[in-house]
Amino acid sequence: MNIDSPVTVLLVDDDSLIRAGLGAILGSDQRICIVGEAENGHRAIELSQRLDPAVILMDIRMPQLDGLSAMESILDQKPDAKVMILTTFGDESYIDRALSGGAAGFILKSSGPDELISAVLAVAEGAAALSPRIAQRVIEKVRNLDSSGQSDAQTLVRKLTAREHDVLALVGASLTNSEIAGRLFLTEATVKGHMTSIMLKINARNRVDAALIAYRAGIVDAQIPGCCIPRGIFDASTCYYMHTHINW
């Protein structure tokens, strides 16, 4: 991360004390810059348009307009916006709606300062941060997919070239574009080009769609270091984020 260009963050929470605490935690890292605060969803939409932050840290329950509705509105206007949900609520309905709606992550307020900072930086780089407890639920959902999902995924993957197949497998293993470039001896721009082609061919609406398709199709190598969705194994103590976001 280039500290000369810090990650700009918009904080959205109806509690001013929580906003102050979040600002203090994130502001303690020179790689992060707080550019604005909003106390409700309407204000979040307004400031996201005006400030264009790299990451929007959004609470769920707020007056006037809740965080999930605000997130959906923001993503309708700017599909590549990075909204990370930060809440005390681990209810499955909230998780499903947040991640299927395009959230770049779902972090519980019980998370520690280091985890919060790491999550914001990860999201800014194109990852999707998930607290360990949330990540465990995501993995369980992936594992419970039926056999038809596997067959459909394999059909989609057959549309890819050999190089695109390799790239998708590494996306499924949670590698970033820069990590994929290093692994395959490509430039990052070339990887981005492959990703654009892959997304079109497999009809993935976002990076996690692509990762889930890779996993369903059985092309993710469980031995790849850093893989956050290995076959049959999930270590929440070491893998607390996925480099994708989930769309059920």
Is there a side-chain contact (heavy atoms from CB on, under 4.5 Å) between Val191 and Leu184 once you walk through the steps? CA-CA 9 Å; Val191 173; Leu184 299 179; 5.9 Å; no
Is there a donor-acceptor contact under 3.5 Å from the side chain of Ser111 to the main chain of Ile107? no
Side chain to side chain donor-acceptor pair (under 3.5 Å) between Ser69 and Asp66: does it pass, once the steps are laid out? CA-CA 6 Å; Ser69 296; Asp66 67 88; 2.9 Å; yes
For Glu164 and Thr161, indicate whether the former's side chain and the latter's backbone hold a donor-acceptor pair under 3.5 Å. yes
At their closest point, which heavy atom of Ala98 faces which heavy atom of Leu68, and how far apart are they? CB-CD2, 3.7 Å
Evaluation steps, side-chain contact (heavy atoms from CB on, under 4.5 Å), between Leu10 and Val55: CA-CA 6 Å; Leu10 172 62; Val55 177; over 6 Å; no
Counting only N and O atoms by type, is there a donor-acceptor contact under 3.5 Å from the side chain of Ser48 to the main-chain atoms of Ala44? yes
Audit row: Val12, Glu37, side-chain contact (heavy atoms from CB on, under 4.5 Å) steps and yes/no: CA-CA 6 Å; Val12 186; Glu37 297 183 12; over 6 Å; no
Leu186 and His194: side-chain contact (heavy atoms from CB on, under 4.5 Å), yes or no, with the steps? CA-CA 11 Å; Leu186 303 171; His194 284 313; 4.2 Å; yes
Ignoring hydrogens and angles, tell me if any N or O in the side chain of Ser197 forms a donor-acceptor pair with the backbone of Gly193 under 3.5 Å. no
Are the side chain of Thr8 and the backbone N or O of Val35 linked by a donor-acceptor pair below 3.5 Å? no
Per side chain to side chain donor-acceptor pair (under 3.5 Å), Lys109 is matched among Thr87, Asp13, Thr88 by Asp13
May I ask you to check whether Arg19 and Ser16 show a side-chain donor-acceptor distance below 3.5 Å? no
List in chain and number order the residues that pass salt bridge (Lys or Arg N to Asp or Glu O under 4.0 Å) with Glu72, two or more places apart in sequence or in another chain; answer none if no residue qualifies. Arg97
Would a 4.5 Å heavy-atom cut-off, applied to side chains only, mark Ile34 and Leu11 as touching? yes
